[in-house]
Q: 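Sharing a structure here in structure tokens format.
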Amino acid sequence: APNPAHILGGRDDEQQEDVCGRDCITGIVAGVIGLNGGISLITSPEYARTIQSYAVDADGGAYPPPFYIEEIDKKGIGLRANRSIAKGEALMARAPTLVAQTDAIVELEVAVRDMMYDVALKRLSKKRRDGFFAQMGRDVQDKITTNSFEFFVPGAEETGSRHLAAYPDIAKFNHDCRPNVHYRITNMTITAVAARDIQQGEELAISYIDIFLPSKKRKERIQNWGFECACALCQGPKNETIASDKRLRRIEKLKTDLNDFKEIKVTAETGAEYAALHEEEGLHAHLGSAYTRAALNFALFGDEERSREYARKAAEELSIEKGPESGDAQAMRALAENPRAHWTWGKRRKLEK
Ligand SMILES: C[S@@+](CC[C@H](N)C(=O)[O-])C[C@H]1O[C@@H](n2cnc3c(N)ncnc32)[C@H](O)[C@@H]1O
């Protein structure tokens, strides 16, 4: 039977309100839930319960903020460093203002969806609502499309459910194809971290797309977002774009070879070359997985010393990228501790014989 669509909760009062009765939506349930006085949800009661159980950090990160807002050439507003920032520094941690189940906003009738947005936004405090409306975009839907981040909420469906979240402060970061800031979403708190050492005066930027794509494909993706990329790589000299595309192709090829376990197409050094290409290309926010591949490849060839060296580097990067307690960072700490005990130990060397 179709589920009722309702507005659940008020600011902190948890009362329910029916929005459109029992049968206006088939298949999905949608509702709006006020949480902690400042987060509105448009989702099913099941996901709402999970989301409500999340601990949130609404106002974390470096204080005073190591950046200021400024008009940036060809990009609208953006953030600029007001001091030098060390790699790994947490710049900002924020809870979302508005969370909407992706399927719900796609499947809902536009009029119902807009009514839900309306109710959800009215429930926010004025400051948080103003923050939402200050984001770039023609209307509520466009603001969500232009500025939101996606995260998954585990649930009955195998993959959980995708949710779009608005983080107006984080939405001030512009895009760069070689970003100096990395973000991660834990439950639904987003944390922006310096992906490398940053100098005073540099613009702070994250990436909106897959930055392993070659220049042409990146351009297409960015066009889908509705703008032309004004980052240094995209606007830089042609020979640099060609050199960058060549490195990206080599990275792709080495990744395929390193992942091949049926046939040995690599040497112990291939992983190190793979990681060095990431460094050269300025793929700072992806060094964790690059060092991980290198560490595992050295372990596969039974090189204890170098496996440890790269596992240590991987653990350091993964602590920034995924958090110090993430499973990936812990796995690399374990490998650094004792490569000989790892399941990969010597496997490629044995194959070679
Ligand atoms: C999430 S907002 C970022 C903040 C935005 N600049 C503003 O003024 O609110 C995304 C929008 O910023 C602009 N933008 C972000 N990165 C850009 C880039 N690398 N080149 C040109 N425009 C960019 C585009 O208009 C894009 O749709």
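Every heavy atom of this structure was used, including side-chain atoms; hydrogens, water molecules and symmetry mates were not. Throughout, numbering of the chain's residues begins at 1 and tracks the sequence. Atoms within a ligand are numbered from 1 in the order they appear, just like the ligands themselves.
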Q: Has R349 got a side-chain atom pairing as donor or acceptor with D303's backbone, closer than 3.5 angstrom?
A: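 Absent.
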Q: How would you list, by chain and number, every residue that makes a side-chain contact (heavy atoms from CB on, under 4.5 Å) with R196, sequence neighbours excluded?
A: N180, I198, E202, H284
Q: Quick check: closest heavy atoms across N297 and G271, and the distance to 0.1 Å?
A: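 So the two residues come closest at ND2-N, 3.7 Å.
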Q: For residues 272-281, run the donor-acceptor check on the side chains, cut-off 3.5 Å, and write out each pair with its distance to 0.1 Å, sequence neighbours left out.
A:
unit_1 : atom_1 : unit_2 : atom_2 : d
E273   : OE1    : R250   : NH2    : 3.2
E273   : OE2    : R250   : NE     : 2.8
E273   : OE2    : R250   : NH2    : 3.1
Y274   : OH     : R293   : NH1    : 3.1
H278   : ND1    : Y274   : O      : 2.8
E279   : OE2    : Y291   : OH     : 2.4
E280   : OE2    : R247   : NH1    : 3.4
E281   : OE1    : R247   : NE     : 2.5
E281   : OE1    : R247   : NH2    : 3.1
E281   : OE2    : R178   : NE     : 3.0
E281   : OE2    : R178   : NH2    : 2.8
E281   : OE2    : S244   : OG     : 2.6

Q: Taking any residue with a non-hydrogen atom under 4.0 angstrom from an atom of ligand 1, which ones do you get?
A: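 If the criterion is a heavy atom under 4.0 Å, then ligand 1 touches K74, K75, G76, I77, M136, T146, N147, A171, F173, N174, H175, Y208, F227, E228, C229, A230.
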Q: Just distance, no hydrogens or angles: give the donor-acceptor pairs under 3.5 Å from side chains in residues 69-93, sequence neighbours left out.
A:
unit_1 : atom_1 : unit_2 : atom_2 : d
E70    : OE1    : R80    : NE     : 2.6
K75    : NZ     : E203   : OE1    : 2.7
R80    : NH1    : G201   : O      : 2.9
N82    : ND2    : P65    : O      : 3.1
R83    : NH1    : E89    : OE1    : 3.4
R83    : NH1    : E89    : OE2    : 3.2
R83    : NH2    : E89    : OE1    : 3.0
K87    : NZ     : E317   : OE1    : 3.3
K87    : NZ     : E317   : OE2    : 2.5
E89    : OE2    : A86    : N      : 3.1

Q: Examine R348 relative to F261 and say whether NZ or CZ is less than 6.0 Å from the centre of the six-membered ring and inside a 45° cone about the ring axis.
A: yes
